[in-house]
Amino acid sequence: IVKSSLAAACAIALFQTNSFANETLASAFENGKIDGKLKSYFFAKSYDNDRFEDANIWVNGLDLGYKTGTFYGFGLGTSAQFASVTSINDDDGRYLPYMDASGTVMSELYLSYNIDKTTAKVGRQYVTTPIVAGSGSRFIRQSFEGYSVENTSLDNTKIYAAYLTKFAGRTD
């Protein structure tokens, strides 16, 4: 009886915590949010020597994401980055390894669970911490694959723990 009562109390607490969640899986997808960014980067290098020619590159594209509403605390998030080199003047190949970003990258695809002020994620995701973060200094932002837990219960404090197993680079 004690075990059953404890299980029932946990289930009631779980459903009360998520009482504002979508009632069906379909409504979680209907109440999802799309976000995006149009991006345009232009980089130019001038050299004061005869070893290298001056170079420039112009890259345009889109960062598009979708996040479902919650369904009993569970959610799904995904994002992709699309890039196209509009113009390049780079005879020496100086931009090739880190700015020539034509193509599409699946940046995020994760399952999340949110309870109170704690969110757990598993899958490919953007990570921003003081120690590990994806850089916005190149056209394609890095993402990481693994597990993460974030808690914001304390005022002005974010507690974050992660086990990251893979890394998706900026361009190459």
Side-chain angles (χ1 to χ4, degrees), residues 1-41 59 61-83 97-99 101-172:
I1 294 175
V2 172
K3 288 180 184 178
S4 298
S5 298
L6 183 58
C10 288
I12 290 169
L14 177 66
F15 287 112
Q16 285 179 342
T17 300
N18 294 308
S19 62
F20 297 108
N22 296 289
E23 292 185 13
T24 66
L25 188 57
S27 64
F29 280 92
E30 289 171 6
N31 295 323
K33 294 182 180 178
I34 296 173
D35 69 347
K37 297 175 197 152
L38 289 172
K39 301 192 303 187
S40 182
Y41 279 40
V59 183
L62 173 68
D63 186 349
L64 186 63
Y66 174 75
K67 186 176 177 182
T68 67
T70 59
F71 180 66
Y72 296 107
F74 289 96
L76 182 69
T78 185
S79 69
Q81 297 178 83
F82 309 91
Y98 59 93
M99 284 302 302
S102 287
T104 302
V105 175
M106 173 64 79
S107 301
E108 292 185 297
L109 182 57
Y110 63 84
L111 177 66
S112 65
Y113 182 72
N114 187 357
I115 185 166
D116 196 22
K117 294 183 179 182
T118 301
T119 301
K121 289 182 183 178
V122 61
R124 184 174 282 202
Q125 55 197 284
Y126 291 137
V127 173
T128 303
T129 72
I131 297 171
V132 175
S135 172
S137 67
R138 299 290 186 263
F139 197 82
I140 301 293
R141 180 178 171 196
Q142 298 105 320
S143 60
F144 302 84
E145 192 171 307
Y147 314 95
S148 67
V149 178
E150 180 179 301
N151 180 281
T152 56
S153 294
L154 302 172
D155 290 338
N156 300 319
T157 304
K158 183 187 294 185
I159 299 170
Y160 189 88
Y163 177 72
L164 305 172
T165 58
K166 292 183 182 176
F167 168 77
R170 295 190 283 201
T171 303
D172 56 343

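- Between Y113 atom OH and T70 atom OG1 the span is 10.0 Å, to the nearest 0.5 Å.
- Under the 3.5 Å distance criterion, with hydrogens and angles disregarded, a donor-acceptor pair is assigned to the side chains of Q81 and S107.
- For the pair L76/F29, a side-chain contact is recorded, criterion being any heavy-atom separation below 4.5 Å from C-beta on.
- Residues T128 and R141 are in side-chain contact: their nearest non-hydrogen atoms beyond the backbone lie under 4.5 Å apart.
- By the side-chain contact (heavy atoms from CB on, under 4.5 Å) test, L154 pairs with T157, I159, sequence neighbours left out.
- Although no hydrogens or angles enter the test, the distance criterion places a donor-acceptor pair under 3.5 Å between the side chain of T165 and the main chain of E145.
- Interatomic distance, S79 OG to Y66 OH, rounded to the nearest 0.5 Å: 14.0 Å.
- A perpendicular orientation is assigned to the rings of Y41 and F139, their planes being inclined by more than 60° (bins at 30° and 60°).
- Atom NZ of residue K121 and atom OH of residue Y147 lie 15.5 Å apart, to the nearest 0.5 angstrom.
- Atoms OH and OG1, on Y160 and T119 in that order, are 10.5 Å from each other to the nearest 0.5 Å.
- Atom NZ of K39 has more than 12 neighbouring heavy atoms from other residues, nucleotides or ligands inside a 6.0 Å radius.
- Atom-to-atom distance recorded for M106:CE and T78:OG1 is 4.0 Å, nearest 0.5 angstrom.
- A donor-acceptor pair under 3.5 Å is formed between the side chain of E108 and the backbone N or O of Y126.
- Considering every non-hydrogen atom in both G146 and Q125, the closest pair reads O-NE2, 3.3 Å.
- When all heavy atoms of A83 and V59 are compared, the closest pair comes out as CB-CG1, 4.2 Å.
- One distance of note links CG of L38 with CZ of F82; it measures 11.5 Å at 0.5 Å rounding.
- When all heavy atoms are compared, the tightest approach of F71 to A28 is CB-CB, 4.0 Å.
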